[in-house]
Amino acid sequence: MMKGKTILLGVTGGIAAYKAAALTSKLSQAGANVHVLMTESAAKMVGPATFQALSRNAVRLDTFEDSHPGAVSHIDLADRADVAVITPATANILAKMAHGLADDMLSTVMLATTAPIYVAPAMNVHMYENAATQQNMQTLRDRGVQFIEPGVGLLACGYVGKGRMAEPEEIVDVLKAHFQEKMSGHLAGKRVLVTAGGTVERLDPVRYLTNDSSGKMGFAIAAAARDMGAKVTLIAGKTAVSIPDGVELVNVVSALDMYEAVMSRFAETDLVVKAAAVADYRPEETAPGKIKKTGDTLTVKLVKNPDILQELGQRRSTQFLIGFAAETERLEENALDKLRRKNCDLLVANDVTREGAGFGTDTNLISIFDRNGLVEELPLVSKKEAAERLIAACCETHVGSRSSSRRSDCFCSYGYLSVLCR
Ligand code: PMT
């Protein structure tokens, strides 16, 4: 959710400024582009060099110190921000923001930005409860500033009360929820078809060929697409998890059943994600009764199943196609070969030999490819997170190739899913 987002992190002169360093690190690790703005007092608490090293961006203190002569840095930063967060926020910065003062870099940028602003106050309990502070906070709330409430506990000044800055993890969660919420309507009105689980190819009434797919990956993708407003149909083979609410479920057994279920819905679908593990072969015949034990060996003849994804790739018109590849070797080479052969827009490769990745696990280690190569490689994350990231990747700006001088709220209009937004 954070990847590529520009976050302005305002740090003011509270003892909790050290927590802002941990926050900078967490946001940067999550892929955000963090720009730290410090007040002079903050720089007395923690050195700017710490924030610079953690964010890999120059730290701004002085309004008049323009690094690029071609840009007015406080306006440039204010314009580029996806979100601004001030943490710790002292009573002083709250008062300045409430009264529209702009006498240093941070307060000037806060006045200039139209990005959503979050504030995590931290101060002595009496300063926090003071009517002036409370009124300033109410003024800011009325203007849409969102507060991440301080906790109650032992304060740095020795008092016990409300005023402890929220923990960095809590602030990260708030920002994640913010970006998730922003994306929630991006697939509104779109019809998404997800396949999940393993197919079952019957030998006889009691025996079958299948695989270890649990359906977890596909189900997480269905839930992520639903959360972004899509109407989701989930075509599920053999699974071991309960289906997500709010999606239409179609149960299938064999690859041929899945083929029928997918093909009959393809024309009215906008986006297909093929996370199912489909059997490449099935027994030529399914015995009507239990196969008896006879000789020392038994030969079963297998015939090829249709490759559903490949056929979708041939039939597609406006549909966006995402395939999966379960690989045990030469991940990138095999993934790109499948992507091209099956005519997909994106292909998600998972090396199923890696610990925590692939079949049955709650986590996965995925790499997303497009025709030009690697788009994104995720670390080991929950299947939920991988699914959210995959669906978000569909909607994101194709970095470099489709530039826009100003950001647009509907990034679908120039993202991968431009085809869906026409
Ligand atoms: O279900 P989980 O336990 O959560 O495990 C997740 C997973 C490992 C099953 C999933 O992440 C995954 O990798 N799914 C694809 C498994 C697979 O069949 O990969 P493949 O490389 O054999 O197939 C490539 C693509 O072609 C897949 O999108 C597959 O759905 C599709 N295919 C394959 C064969 C076939 N006959 N028809 C198809 O459509």
Side-chain angles (χ1 to χ4, degrees), residues 193-201 209-224 234-244 252-263 265-266 269 271-282 302-316 319-369 378 380-387 389-390:
L193 195 154
V194 180
T195 68
T199 58
V200 167
E201 311 298 330
L209 302 176
T210 189
N211 57 66
D212 287 332
S213 173
S214 63
K216 288 178 187 173
M217 191 66 245
F219 281 24
I221 292 166
L234 179 60
I235 298 179
K238 185 175 66 65
T239 61
V241 279
S242 48
I243 70 146
V252 294
V253 178
S254 66
L256 286 179
D257 297 339
M258 186 172 281
Y259 175 87
E260 292 299 331
V262 171
M263 292 304 163
R265 289 166 177 84
F266 188 50
T269 298
L271 164 65
V272 178
V273 189
K274 289 248 21 320
V278 186
D280 290 323
Y281 295 91
R282 66 179 185 279
L302 301 179
V303 293
K304 211 170 189 180
N305 272 324
D307 190 315
I308 306 168
L309 182 59
Q310 190 154 341
E311 196 160 325
L312 294 179
Q314 285 158 4
R315 286 193 190 189
R316 61 185 291 189
Q319 293 89 349
F320 193 90
L321 265 193
I322 304 180
F324 265 71
E327 299 298 338
T328 53
E329 57 181 356
R330 302 203 305 277
L331 189 80
E332 174 157 6
E333 189 186 322
N334 290 335
L336 285 172
D337 173 60
K338 276 184 187 157
L339 180 130
R340 291 181 185 129
R341 237 177 341 103
K342 303 195 182 195
N343 195 21
C344 300
D345 295 289
L346 293 179
L347 192 123
V348 182
N350 36 191
D351 180 344
V352 295
T353 63
R354 300 282 295 273
E355 179 85 31
F359 293 93
T361 52
D362 290 327
T363 51
N364 209 354
L365 200 53
I366 65 167
S367 300
I368 305 172
F369 295 90
L378 293 187
L380 187 71
V381 290
S382 66
K383 283 185 172 162
K384 178 176 186 293
E385 200 169 327
R389 196 58 223 134
L390 172 64

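Order of listing sets the numbers, starting from 1, for every ligand and every atom in it. Values below: every heavy atom of this structure, side chains too, minus hydrogens, waters and symmetry copies.
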Considering only the protein, which heavy-atom contact is closest to atom 36 (N) of ligand 1, and what is its distance?
Pro306 O, 3.0 Å

At less than 4.0 angstrom from any non-hydrogen atom of Asn364, what atoms of ligand 1 do you find?
11 (O)

For Lys216, counting its heavy atoms only, list the atoms of ligand 1 lying under 4.0 Å from any of them.
1 (O), 2 (P), 4 (O)

Taking distance alone, with N or O pairs closer than 3.5 Å, would you say Leu309 contacts ligand 1?
yes

Should you measure from each heavy atom of Gly358, which atoms of ligand 1 turn up under 4.0 Å away?
5 (O), 6 (C), 8 (C)

Closest approach of any protein heavy atom to atom 22 (O) of ligand 1, naming residue and atom
Lys338 NZ, 4.3 Å

List every atom of ligand 1 that sits less than 4.0 Å from any heavy atom of Gly360, numbering the atoms from 1 in the order shown and giving each element.
2 (P), 3 (O)

Protein contact of atom 12 (C) of ligand 1 - nearest heavy atom, named by residue and atom, plus distance:
Phe324 CD2, 3.6 Å

Atoms of ligand 1 less than 4.0 Å from Gly215 heavy atoms?
1 (O), 2 (P), 3 (O)

For Lys383, counting its heavy atoms only, list the atoms of ligand 1 lying under 4.0 Å from any of them.
2 (P), 3 (O), 4 (O), 5 (O)

Starting from atom 14 (N) of ligand 1, which protein heavy atom do you reach first, and at what distance in Å?
Ala275 O, 2.9 Å

Ranked by distance from atom 37 (N) of ligand 1, the top protein heavy atom is Ile308 N, 3.1 Å

Of the backbone atoms (N, CA, C, O) and the side-chain heavy atoms from C-beta on, which set of Ser213 has a member under 4.0 Å from an atom of ligand 1: side chain, backbone, both, or neither?
both

At under 4.0 Å between heavy atoms, is it the side chain or the backbone of Ala279 that contacts ligand 1, or both, or neither?
backbone

Could you identify the single nearest non-hydrogen protein atom to atom 19 (O) of ligand 1 and state the distance to 0.1 Å?
Ala326 N, 3.3 Å

Who's closest to atom 26 (O) of ligand 1 heavy-atom-wise, of Glu311, Arg341, Lys342, Lys274?
Lys342

Which residue supplies the protein heavy atom nearest to atom 11 (O) of ligand 1, what is that atom called, and how far is it?
Asn350 OD1, 2.5 Å

What protein heavy atom sits nearest atom 6 (C) of ligand 1, and how far away is it?
Met217 CB, 3.6 Å

Ion pair Asp345/Arg316, N-O distance below 4.0 Å
yes

Using a strict 4.0 Å cut-off to heavy atoms of Ala325, name the atoms of ligand 1 that fall inside it.
21 (O)

Under a 4.0 angstrom heavy-atom cut-off, which atoms of ligand 1 come close to Asp280?
34 (C), 36 (N)

Would a 4.5 Å heavy-atom cut-off, applied to side chains only, mark Leu309 and Val278 as touching?
no

